[in-house]
Trainee: 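Please find one structure pasted underneath; my questions will follow.
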Amino acid sequence: MSLSKTRSIEIPLTMDSFETADTFIEQWLAQNRFSKDTITETKLLFEALFRDFIEQGFDQDTTLTIKVQRTFGEYNIKFGFEGKSYVPIEKNKDKVSPELRIVQAYHDKISYRYRLGYNSIRVVVKRNYRSSLLYCMIGIALAILVYLLLNTAMSADKMVEIDKSYLMPLMTQFANAMLMVGAPVTFFSLVKNLTDIYIVSEKSSSDRKLQIKTIVTSLIAILLAIGTSFLIAILLSYREGYLEGNNAFEGGMSATQFISSLLPSSIFEPFETYLPFPIIILALLTTYAFCSVGEYFDVMQKGVNVCLTFFSKMLNVVMFTLPFFCFLAILSSLLTDGFINLLVIVEFVGVVFLSLIVMAAFYLIRLLIGGVRIIPFVKKFPPLLWENYKINSAIDALPFNIRYCSRVYGFNRKRISAKLPILAQTNQDGNCFLIMLISMIFIHMLGIDVSLLQIIGITVLVLFLSIGAPNQPGSILIGMLIITFYLQAKELILVAIYAEVFFGALQNAINVVGDIVTVAIEEQKSMRSTA
């Protein structure tokens with residue numbers, strides 16, 4: 001399977017060349033089996049950009065290079081040309097052009113770069129994170145093959161020594177790299193999301209109520225995870241050989257250590273030592289300050305968005321190495337206890353997937369209480385869920401979700417266009433449920449000594465880390481690693497890697513289910529109030 005496939009054409013930047021370019025892009029989209037809606041939207045955006053290039057007065061002798069590319073599951077269209085710096089601008093504030101409206105509507109899919117007199121504009125057509133999962137599966141297969149070869153060539157003690165001397169230090173460095181980038185991503189994402197929540201709540205009381213509901217459902221998801229983890233831990237404790245060979249963690253913080261962890265000795269310490277509570281407190285203080293600065297708010301908000309984008313790009317680079325470290329994590333488990341650990345991983349993954357019955361029941365109860373007809377709702381849901389699984393980002397999937405809910409469910413498009421973006425940003429049921437569930441299962445099973453105060457602390461951590469989730473692959477891994485360092489249980493690094501590989505797409509699916517369930521209930525209320 002090719003990691004990268006690129007095609008390109010060069011045309012003069014004139015309207016006479018538009019049809020050639022439009023056909024080139026349409027053929028590429030059709031060859032990659034994009035839906036009709038996606039093809040229509042992409043062509044509309046391309047035409048808007050093309051016309052804006054010309055309206056901004058670039059020389060007709062300018063050569064426009066168009067590249068269509070598939071790399072690591074991401075489908076991009078890139079436009080390159082020489083000249084002055086290009087950024088869409090409003091030429092008349094009283095009357096915004098249709099082209100500019102289209103470009104602004106899809107601003108989250110477009111990035112601009114200007115270097116040495118050359119413009120590079122990238123349009124992300126689609127992100128498909130299943131490719132990353134495929135590479136992780138290849139890594140698992142290679143780990144099994146390497147283990148079989150090593151098992152025939154050396155003793156068990158030697159393999160354990162290799163794990164301790166080489167594999168675990170490498171994975172510890174991977175965890176450090178993830179947190180080095182993940183801590184700032186979490187901080188800036190938390191500031192951005194909290195600021196957006198504040199702005200939305202100031203504008204509309206109904207939106208504020210919607211935000212409160214989503215935070216409450218996320219808190220309920222955490223409580224459900226805690227209860228489910230007790231049950232799973234009890235059931236798995238009867239399984240002979242479960243996590244055999246692992247000792248109880250060093251973890252466990254006293255009440256004094258817990259209280260002292262709330263405030264750092266310096267403003268830089270949270271990012272140096274990955275202290276989660278100080279990061280959260282600092283984010284809350286920063287949010288309050290931002291929302292109180294008045295005329296400088298827009299400038300500071302742009303700064304936060306720039307920092308978030310910058311660190312998110314760094315996170316993407318680190319995430320490219322996940323398949324390699326998945327290979328190391330599986331190999332590490334095999335070297336210590338052989339295929340017993342592999343069976344434990346399979347069993348654990350199956351149990352976590354089975355526990356989704358709890359969340360399904362929770363959503364069904366909400367639908368029943370909200371007066372939504374269950375059977376018609378559920379019948380129409382699989383295509384929506386499948387598309388979101390492929391995209392794996394609630395933000396990226398917003399245009400599709402709005403169209404689908406409007407067309408298939410008959411929801412009011414104007415209302416859901418206003419509500420779904422709020423829910424996609426605020427509702428993090430999947431992150432809350434999975435991070436809390438996985439953490440608590442291993443706390444129970446492996447003897448981490450935690451008090452009720454610390455469980456409350458972990459609950460607060462999971463809730464805020466979920467609100468600060470970057471809403472992209474890596475959020476489960478970062479959340480698990482932060483809790484791992486908080487519990488002083490570095491052995492959980494392996495678990496964090498497994499969780500991201502097997503449940504990275506699942507958390508987004510749960511988030512989306514929560515979004516659509518909430519929208520369906522809100523729509524039902526609106527219908528009853530107007531009847």
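Just so you know, residue 1 is the first one in the sequence shown, and it goes up from there.
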Trainee: Given 3.5 Å as the limit, does a donor-acceptor pair link the side chain of Ser229 with the main chain of Ile226, or not?
Mentor: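 Present.
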
Trainee: If you round to the nearest 0.5 Å, how far is CD1 of Ile25 from OG1 of Thr42?
Mentor: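 Taking OG1 in Thr42 and CD1 in Ile25, the distance rounds to 8.5 Å.
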
Trainee: Give a yes or no answer on whether the side chain of Tyr498 reaches the backbone of Ala329 with a donor-acceptor pair at less than 3.5 Å.
Mentor: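 Flag set: sc Tyr498 to bb Ala329 pair under 3.5 Å.
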
Trainee: Given side chains that start at C-beta, do those of Ile140 and Phe327 come closer than 4.5 Å, heavy atoms only?
Mentor: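 Contact flag for Ile140/Phe327 side chains = no.
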
Trainee: Answer yes or no: is there a donor N or O on one side and an acceptor on the other, between the side chain of Ser332 and the main chain of Leu328, under 3.5 Å?
Mentor: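 Answer holds: no.
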
Trainee: Any donor-acceptor pair under 3.5 Å linking the side chain of Thr336 with the backbone of Ser333?
Mentor: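 Yes; at least one donor-acceptor contact below 3.5 Å.
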
Trainee: Of all the heavy-atom pairs spanning Ile510 and Leu356, show the shortest one and how long it is.
Mentor: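 Where Ile510 meets Leu356 most closely, the heavy atoms are CD1-CD2, 3.6 Å.
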
Trainee: Could you walk me through whether Met440 and Ile455 satisfy the side chain to side chain contact (heavy atoms under 4.5 Å, CB included) test, starting with their C-alpha distance in whole Å, then the side-chain angles of each, then the deciding distance to 0.1 Å, before giving a yes or no?
Mentor: CA-CA 9 Å; Met440 290 303 297; Ile455 292 177; 4.1 Å; yes

Trainee: Between Glu41 and Arg403, does any NZ, NE, NH1 or NH2 come within less than 4.0 Å of an OD or OE carboxylate oxygen?
Mentor: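 Between Glu41 and Arg403 there is a salt bridge, with a charged N closer than 4.0 Å to a carboxylate O.
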
Trainee: Any idea which heavy atoms bring Ile438 and Ala499 closest together, and the distance?
Mentor: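 Reported closest heavy-atom pair: CD1-CB, 3.7 Å.
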
Trainee: Would you please classify the geometry between the Phe79 ring and the Phe46 ring as parallel, tilted or perpendicular, with 30° and 60° separating the classes?
Mentor: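 Plane angle under 30°, so parallel.
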
Trainee: Would you check if Phe433 and Ile222 make a side-chain contact, meaning some heavy-atom pair closer than 4.5 Å?
Mentor: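 Sidechains of Ile222 and Phe433: no contact.
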
Trainee: Within a reach of under 6.0 Å around NZ of Lys380, are more than 12 heavy atoms found that belong to other residues, nucleotides or ligands?
Mentor: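 More than 12 heavy atoms, drawn from other residues, nucleotides or ligands, come within 6.0 Å of this atom.
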
Trainee: Answer yes or no: is there a side-chain heavy-atom contact under 4.5 Å between Val495 and Met480?
Mentor: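 They are in side-chain contact.
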
Trainee: State, to 0.1 Å, how close Ile435 and Ser475 come at their nearest heavy-atom pair, and which atoms those are.
Mentor: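 Closest pair (atom of Ile435, atom of Ser475, distance): CD1-O, 4.3 Å.
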
Trainee: For the residue pair Val125 and Trp28, establish whether any side-chain heavy-atom pair is separated by less than 4.5 Å.
Mentor: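 Yes, at least one pair of side-chain atoms sits under 4.5 Å.
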
Trainee: With a 4.5 Å heavy-atom cut-off, do Phe324 and Tyr135 have their side chains touching?
Mentor: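 Phe324 vs Tyr135: side chains apart.
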
Trainee: Find the distance between CD1 (Ile345) and CD (Glu347) and round it off to the nearest 0.5 Å.
Mentor: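 Reported value, rounded in 0.5 Å steps: 11.5 Å.
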
Trainee: Considering non-hydrogen atoms only, spot the tightest contact between Cys136 and Pro323 and give its length.
Mentor: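 The answer is SG-CA, 3.8 Å.
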
Trainee: Before you tell me yes or no, could you show the steps for Thr217 and Arg366 under side chain to side chain donor-acceptor pair (under 3.5 Å), namely the whole-Å CA-CA distance, both residues' side-chain angles and the distance that decides it to 0.1 Å?
Mentor: CA-CA 10 Å; Thr217 60; Arg366 286 187 62 199; 4.7 Å; no

Trainee: Counting N and O atoms only, with roles assigned by atom type, does the side chain of Ser189 sit under 3.5 Å from a partner on the main chain of Thr186, one being a donor and the other an acceptor?
Mentor: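 Judged by distance alone, no pair lies under 3.5 Å.
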
Trainee: Are any of the side-chain heavy atoms of Leu506 and Phe353 separated by less than 4.5 Å?
Mentor: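 Yes, at least one pair of side-chain atoms sits under 4.5 Å.
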
Trainee: Side-chain contact, heavy-atom cut-off 4.5 Å: Gln69 with Tyr75?
Mentor: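 No - every pair of side-chain heavy atoms lies 4.5 Å or more apart.
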
Trainee: Once the angle between the rings of Phe325 and Phe174 is folded into 0 to 90°, is it parallel (under 30°), tilted (30 to 60°) or perpendicular (over 60°)?
Mentor: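 Parallel, since the angle between the ring planes stays under 30°.
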
Trainee: Do the side chain of Gln507 and the main chain of Gly504 share a donor and acceptor less than 3.5 angstrom apart?
Mentor: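 It does hold such a pair.
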
Trainee: To the closest 0.5 Å, what do you measure between NZ (Lys43) and CD1 (Ile77)?
Mentor: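 Separation between the atoms: 11.0 Å.
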
Trainee: Give a yes or no on this: more than 12 heavy atoms of other residues, nucleotides or ligands lie within 6.0 Å of atom OH of Tyr166.
Mentor: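 At most 12 heavy atoms, drawn from other residues, nucleotides or ligands, come within 6.0 Å of this atom.
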
Trainee: Any idea which heavy atoms bring Ser218 and Asp429 closest together, and the distance?
Mentor: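 Looking at all heavy atoms of both residues, the closest pair is OG-OD1, 3.0 Å.
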
Trainee: Between Ile110 and Leu45, is a side chain to side chain contact (heavy atoms under 4.5 Å, CB included) present by the stated rule, with each step listed?
Mentor: CA-CA 10 Å; Ile110 310 172; Leu45 178 57; 3.8 Å; yes

Trainee: Roughly how far, to the nearest 0.5 Å, is CG of Asn341 from OH of Tyr147?
Mentor: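 One finds 9.5 Å between OH of Tyr147 and CG of Asn341.
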
Trainee: Starting from the C-alpha separation in whole Å, work towards a yes-or-no answer on side chain to side chain contact (heavy atoms under 4.5 Å, CB included) for Val352 and Leu434.
Mentor: CA-CA 8 Å; Val352 172; Leu434 288 173; 3.9 Å; yes

Trainee: Determine whether Ile66 and Lys78 satisfy the following criterion, side chain to side chain contact (heavy atoms under 4.5 Å, CB included), listing intermediate values before the conclusion.
Mentor: CA-CA 6 Å; Ile66 304 176; Lys78 295 183 179 180; over 6 Å; no

Trainee: Counting distance only, does the side-chain N/O of Asn511 pair as donor-acceptor with the main-chain N or O of Gly430 below 3.5 Å?
Mentor: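 At least one qualifying donor-acceptor pair exists.
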
Trainee: To the nearest 0.5 Å, what is the distance between CD1 on Ile39 and CG on Leu29?
Mentor: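 Interatomic distance, Ile39 CD1 to Leu29 CG, rounded to 0.5 Å: 5.5 Å.
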
Trainee: Mind listing the closest non-hydrogen atom pair of Lys67 and Ser8 along with its distance?
Mentor: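 The answer is CG-CB, 3.6 Å.
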
Trainee: Less than 4.5 Å apart, any side-chain heavy atom of Phe377 and any of Ile516?
Mentor: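 When only atoms from C-beta onward are counted, Ile516 and Phe377 do touch, with a gap below 4.5 Å.
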
Trainee: Around atom CZ of Arg113, are there more than 12 heavy atoms from other residues, nucleotides or ligands closer than 6.0 Å?
Mentor: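 Not more than 12 within 6.0 Å, no.
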
Trainee: Would the distance check show the side chain of Ser165 and the main-chain N or O of Ile162 forming a donor-acceptor pair, the cut-off being under 3.5 Å?
Mentor: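 Not confirmed, Ser165 side chain does not pair with Ile162 backbone.
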
Trainee: What distance separates Leu167 CG from Leu335 CG, expressed to the nearest 0.5 Å?
Mentor: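 Atom-to-atom, Leu167:CG and Leu335:CG are 6.0 Å apart.
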
